[in-house]
Amino acid sequence: MKKSLLALAALSTIAGGAQAQSSVTLYGIVDDGLLINTNSGGKRQYYMATSVGASSRWGLLGREDLGGGLAAVFDVQNGFDVNSGAAMQSGLLFGRVAYVGLSSVQYGRVTLGRQYDALVDSVGLMISGDQWAGYIGAHPGDLDNLNNAFRSNNTIKYTSNKMSGVTTVATYSLGNTAGNLTKNQIWSLGAKYDNGGPLVGAIGYINARTPAASGGLMNNSGTANDTLSTNVASPVYSGYQTANTYQSLALGGAYTIGKSTFGLTYSNVRFDNLGGWKGNASLVNRYASGANVSFNSAEVNYRYQFTPALVAGVAFNYTQGSTVDLASGGKQEGVKYFQYQTGAQYWLSKRTDIYGIVVYQHASGTDSTGKPARAAIQAITASANANQAAIRLGIAHRF
């Protein structure tokens, strides 16, 4: 009996030690509410929509201390539609994030798997869409990926420890294509300064080869067809999906004075060598072979913290696309998008908030499809004309 008790006590001690050195945490967000699209292909639409303010998800976050300041880490994260129960990110089980790696107190962190790029990690939080305006507040089509419309598969990622307020990030994603090293290849770099003071700044860059090919940045959901992923087929840039290279460079900064925070972001996006990827034959011959098109986008935003529980904000974004050479000769005129948005968020508790968002967009010029530009607020059905508004009333709970 004594031996059994001693063995049980020893086992309890070992188990307690193991528990102290490693952990697995279940976490998540459930977001739902009413969304009104004032011009859904020419008609007003009222519907329930999930993940507008905060993406609905559940995940498992793990850590095991290996000693000497080194730890094994992992994170797997599933996105889901609250209203239907279906998996989001084209039905992937862990479509939001899935990685494993090592974290060092001295040297930083290296992770492997499906992950966010350096542009998202560095500049992404500077835009209002990642603060209080939700995905409908992203820049048109989220063409600069600052709202994380695209994730990178097969990615090796390094994140430094913060030094003098600066954190750096670098990623490289293998294309996994036999005989073609660069097809679907993605790489990104980013840096963010945040030393706990009033000023925060960031810069980031991403470069993706054959972005619309199956497995590329814009179509990495695991589908077998070489077409642009349907959930991001925005008229803002869907006509440029034959580009051989996509790149986005972004800068951002914010300054806090008392309860007020002023923010500014700028991004330059390029679709280079149109026709360089011929997966979509119907689009290959529209633009001159090797033509390039670029977008410049600037956002100014303002946030005011009325109380610890109540925050509100306003923002304006201007996006301009360049002219582009046509295969038939001549040039296609550029496009312009003007977007205005406001929102408020009230925390009922540390885990639960209610919120409202209003976004209005006006378009002019000619979009990537070669037609008169239509307003196209991110991730909702595009307008039948140049104007569109989206109104959101929602609730989110975190666990």
Side-chain angles (χ1 to χ4, degrees), residues 37-43 136-147 149-150 211-212 218-219 227-249 266-299 316-341 359-390:
N37 181 346
T38 64
N39 195 328
S40 177
K43 299 179 181 179
I136 57 175
H139 301 159
D142 194 23
L143 78 167
D144 49 21
N145 202 38
L146 291 180
N147 197 236
F150 316 121
M218 296 179 180
N219 190 16
T227 56
L228 192 64
S229 182
T230 56
N231 66 321
V232 290
S234 169
V236 176
Y237 55 86
S238 60
Y240 303 137
Q241 61 178 280
T242 64
N244 186 64
T245 304
Y246 161 90
Q247 56 183 330
S248 177
L249 170 68
Y266 164 78
S267 66
N268 174 266
V269 173
R270 290 179 58 90
F271 292 86
D272 288 338
N273 190 12
L274 299 181
W277 175 69
K278 297 177 171 57
N280 193 323
S282 65
L283 294 175
V284 168
N285 297 322
R286 172 169 179 76
Y287 298 108
S289 178
N292 305 316
V293 63
S294 63
F295 292 85
N296 290 292
S297 184
E299 176 184 307
F316 169 71
N317 168 250
Y318 173 70
T319 298
Q320 180 174 357
S322 68
T323 60
V324 56
D325 295 330
L326 296 170
S328 58
K331 292 182 179 291
Q332 177 177 291
E333 70 170 323
V335 66
K336 296 178 182 179
Y337 297 94
F338 302 82
Q339 186 166 297
Y340 309 82
Q341 52 212 39
V359 178
Y360 171 77
Q361 186 184 107
H362 172 75
S364 65
T366 303
D367 66 24
S368 70
T369 67
K371 299 177 181 179
R374 298 173 291 155
I377 293 173
Q378 167 63 358
I380 67 175
T381 303
S383 173
N385 56 39
N387 302 297
Q388 185 180 50

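Residues take their numbers from the sequence shown, with the count starting at 1. Here the structure is a predicted model, which is why all the values come from computation and not from measurement.
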Quiz prompt | Check: A390 main-chain N/O paired with N37 side-chain donor or acceptor under 3.5 Å | solution = no
Quiz item: So, the side chain of Q388 versus the backbone of I377: is there a donor-acceptor pair under 3.5 Å, distance only?
Solution: yes
Quiz item: Are the side chain of N317 and the backbone of A298 linked by a donor-acceptor contact shorter than 3.5 Å?
Solution: yes
Practice problem: Look at the aromatic rings of Y237 and F271 and report parallel, tilted or perpendicular, splitting at 30° and 60°. | Solution: parallel
Quiz item: Taking the side chain from S248 and the backbone from D144, do they hold a donor-acceptor pair closer than 3.5 Å?
Solution: yes
Quiz item: Which atom pair, heavy atoms only, marks the closest approach of A291 to D325?
Solution: CB-O, 4.0 Å
Quiz item: Hey, is the main chain of A212 close enough, under 3.5 Å, to the side chain of Q241 for a donor-acceptor pair?
Solution: no
Practice problem: Test side chain to side chain contact (heavy atoms under 4.5 Å, CB included) on Q332 and V293 and set out the steps. | Solution: CA-CA 10 Å; Q332 177 177 291; V293 63; over 6 Å; no
Exercise. Measure the NZ-CG distance between K278 and N244 for me, rounded to the nearest 0.5 Å.
Key: 9.0 Å
Exercise. With sequence neighbours excluded, tell me which residues meet ring pair (Phe, Tyr, Trp, His ring centres under 6.0 Å) with F338.
Key: Y318
Exercise. Return the set of residues passing ring pair (Phe, Tyr, Trp, His ring centres under 6.0 Å) with F295 (not counting sequence neighbours), or none when no residue passes.
Key: none
Quiz item: Roughly how far, to the nearest 0.5 Å, is the CG atom of L326 from the CG atom of N285?
Solution: 12.0 Å
Quiz item: Does the side chain of Y246 come within less than 4.5 Å of Y240's, by heavy atoms?
Solution: no
Quiz item: Just checking, is any N or O donor in the side chain of N387 or N39 under 3.5 Å from an acceptor N or O on the other one?
Solution: no
Quiz prompt | Working for side chain to side chain contact (heavy atoms under 4.5 Å, CB included), residues H139 and Y337 | solution = CA-CA 9 Å; H139 301 159; Y337 297 94; over 6 Å; no
Exercise. To the nearest 0.5 angstrom, please state how far the OG1 atom of T323 sits from the CD atom of E333.
Key: 10.0 Å
Exercise. Drop me the distance from R286's CZ to T369's OG1, to the nearest 0.5 angstrom.
Key: 7.0 Å
Quiz item: Which heavy atom of P235 sits nearest a heavy atom of A382, and at what distance?
Solution: CG-CB, 4.2 Å
Exercise. Would you check, one step at a time, whether the test side chain to side chain contact (heavy atoms under 4.5 Å, CB included) holds for T319 with Q339?
Key: CA-CA 8 Å; T319 298; Q339 186 166 297; over 6 Å; no
Practice problem: Could you go through the side chain to side chain contact (heavy atoms under 4.5 Å, CB included) check for V359 and Y340 one step at a time? | Solution: CA-CA 6 Å; V359 178; Y340 309 82; over 6 Å; no
Quiz prompt | N/O donor-acceptor pair under 3.5 Å between Q378 side chain and S234 backbone | solution = no
Self-check item: Distance, nearest 0.5 Å, that separates OG of S322 from CZ of R270
Solution: 8.0 Å
Quiz item: Which pair of non-hydrogen atoms, one from V335 and one from A373, has the smallest distance, and what is that distance?
Solution: CG2-CB, 3.5 Å
Practice problem: Would you confirm whether D142, through its side chain, and A149, through its main-chain N or O, come within 3.5 Å as a donor-acceptor pair? | Solution: yes
Quiz prompt | Closest approach of A384 to G42 (non-hydrogen atoms, all atoms of both residues) | solution = CB-N, 3.4 Å
Self-check item: Y266: partners by ring pair (Phe, Tyr, Trp, His ring centres under 6.0 Å), with sequence neighbours left out
Solution: none
Quiz item: Distance from N268 atom CG to S297 atom OG, nearest 0.5 Å?
Solution: 10.0 Å
